[in-house]
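Report on one structure; see the data block that follows.
Residue numbers run from 1 in the order of the sequence given.
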Amino acid sequence: MNEDTEITQTRVLIVGAGPAGLGVSLALKQAGVTDQLVVDAREIGAAFKAWPKGMSLLTPSFFSNSFGLTDLNSIDPDTSPADFLHTQHPKGKGYADYLQAIVSHFKLPVQTGVKILNVQELCSGFAVDSSDGPIQADYIVWAAGQFFFPREKDFPGAEYAIHNSKVKDWADLEGDSFSIIGGYESGVDAALNLVNLGKNVRLISNGEPWASDHPDPSRSLSPRTLDRLRELLQDKEKAKLIDFVKDTTIKKIEKGDGFWTLRDQDDIPIASNTRPILANGFQSGLGLVEEFFERDEHNLPVFSEEADESTITPGLFYSGPSLVHRNALFCFIYKFRARFGVIAAEIAN
């Protein structure tokens, strides 16, 4: 580093300008911590802007703040995406507009186009290399999200498929018949969009989530998705276009000349004349700071229950959909936002 290079110093560095990062920024500001900086490699709400056309939030938005009830999709109790966007299930771009409005209204210190290149733990605090120059911070809140970290290498040949997060518009896919690997929210959403376009769909799942009655919507299909699925199946013509393949785990994809072969756990081949669609979820998104977190017996990152802090790197916190405590998943906004105040209180104290 050049001796003349100016170092940005901040009490709290928040990495990620999505709901997880901006929510913590708001909570910190309300707790009196104004010496903070939010950076994002892309733009505010970038993941939502990159959603496939037609995808919307699963949880319903209601303008009920005046009755003391927080909108499920808000990141601040005094704001409401339903009121701002006048819709119950915001699309990706709309929700990104809501996040931008939050930043503007509350004057949050956000810098976009700043990519984090390296993070180093110091005796006290952290030294961070970024595309905008060096940053020194007493605390880091990692809130980079998951959307830009799809699980594309889960098994041999997975690279021959296209991950659902890389599809901008389902109408752009050429072909009349598609195989989708993954039967949870993303897979069913892809199937519904394609069937509504008149396409034949084979939905392959390692379980049977469309028949699950698990009370946690993170482990079964949400009511919103089930409603969409029931509506489609009531249309006899559309119902003919979807084939549910349960208890099947794809272990390998082989590419042929103009076709693809999917092989399951019993090595039974499933042929597809269009590129298979991966709807198998995302990685944790911890990226550069993965090594600073302890791992459990399932190789999942461990967070302190007191404040979602690394158990081996003091001062490093996590906010976002990868959060898990006692086998409870915090993957929806209304879940992980419940932890904003916990993180903010720990840092403020």
Side-chain angles (χ1 to χ4, degrees), residues 14 16-33 38 44-45 47-48 51 55-108 141 143 145-146 185 189 213-228 230-231 303 305-308 317-348:
I14 300 172
L22 298 177
V24 172
S25 176
L26 274 170
L28 282 168
K29 188 172 182 180
Q30 291 165 355
V33 182
V38 183
I44 295 167
F48 293 91
W51 274 11
M55 183 178 282
S56 60
L57 290 176
L58 297 173
T59 45
S61 277
F62 288 99
F63 180 45
S64 50
N65 302 56
S66 54
F67 294 91
L69 301 174
T70 304
D71 188 314
L72 284 177
N73 296 314
S74 70
I75 60 170
D76 174 79
D78 295 323
T79 65
S80 168
D83 181 46
F84 180 72
L85 299 169
H86 304 292
T87 184
Q88 190 178 57
H89 293 278
K91 297 280 196 298
K93 184 184 180 303
Y95 195 75
D97 290 342
Y98 161 73
L99 295 178
Q100 177 62 67
I102 286 281
V103 172
S104 300
H105 179 74
F106 291 101
K107 297 180 172 56
L108 299 181
V141 179
Q146 297 178 324
E185 295 293 348
D189 180 73
D213 59 356
H214 197 288
D216 186 348
S218 300
R219 301 182 186 279
S220 61
L221 294 181
S222 68
R224 159 75 166 165
T225 299
L226 286 171
D227 279 345
R228 294 174 64 203
R230 292 188 196 101
E231 183 180 353
F303 312 102
E305 288 194 21
E306 294 78 17
D308 303 337
F317 299 82
Y318 174 77
S319 177
S322 292
L323 187 65
V324 179
H325 284 310
R326 304 186 192 184
N327 204 34
L329 308 178
F330 288 73
C331 56
F332 289 137
I333 292 167
Y334 73 89
K335 290 183 174 183
F336 64 71
R337 76 171 182 201
R339 307 294 291 179
F340 295 162
V342 173
I343 297 172
E346 179 70 13
I347 292 175

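Side chains of R337 and T70: a donor-acceptor N/O pair is absent below 3.5 angstrom, by distance only.
One distance of note links CD1 of I14 with CD1 of I347; it measures 7.0 Å at 0.5 Å rounding. Distance CG/N73 to OG1/T59: 3.5 Å, rounded to 0.5 Å. Between the OG1 atom of T225 and the CZ atom of R230 there is a distance of 10.5 Å, given to the nearest 0.5 Å.
Partners of D71 by salt bridge (charged side-chain N to carboxylate O under 4.0 Å, His left out), not counting sequence neighbours: none found. Applying the salt bridge (charged side-chain N to carboxylate O under 4.0 Å, His left out) test to R228 and every residue at least two apart in sequence or in another chain returns D189. With sequence neighbours left out, the salt bridge (charged side-chain N to carboxylate O under 4.0 Å, His left out) criterion links E305 to R326.
Residue pairs meeting the salt bridge (charged side-chain N to carboxylate O under 4.0 Å, His left out) criterion with at least one member in residues 82-99, sequence neighbours excluded, are K93-D97. The stretch residues 70-100 participates, sequence neighbours left out, in these ring pair (Phe, Tyr, Trp, His ring centres under 6.0 Å) pairs: F48-Y95, Y95-Y98.
The two residues A307 and I343 make their nearest non-hydrogen contact at O-CG1, 3.5 Å. Heavy-atom minimum distance, G45 versus A96: O-CB, 3.7 Å. K335 and C331 make their closest contact through CD-N, 4.1 Å (heavy atoms, listed as atom of the first residue, atom of the second, distance). Between L58 and S222, the closest heavy-atom pair is CD2-OG, 3.7 Å. Heavy-atom minimum distance, F62 versus P60: CE1-CB, 3.6 Å. Here the closest heavy-atom approach between residue E306 and residue V342 is recorded as O-CG1, 2.8 Å.
Side-chain contact between I102 and T79 is present, with at least one heavy-atom pair separated by less than 4.5 Å.
No salt bridge links R224 with D227; every basic N to acidic carboxylate O contact stays at or beyond 4.0 Å.
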Please tabulate, for side-chain N and O atoms in residues 17-33, each donor-acceptor pair with protein atoms closer than 3.5 Å (sequence neighbours left out).
residue: S25; atom: OG; partner: Q36; partner atom: OE1; Å: 2.5
residue: K29; atom: NZ; partner: F106; partner atom: O; Å: 2.3
residue: Q30; atom: NE2; partner: D76; partner atom: OD1; Å: 3.1

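Checking each of F340, F336, F303 against Y318 for a ring-ring contact (aromatic ring centres under 6.0 Å, His included) leaves exactly one that passes, namely F303.
Proximity of a side-chain donor or acceptor of S64 to a complementary backbone N or O of L69 within less than 3.5 Å is detected.
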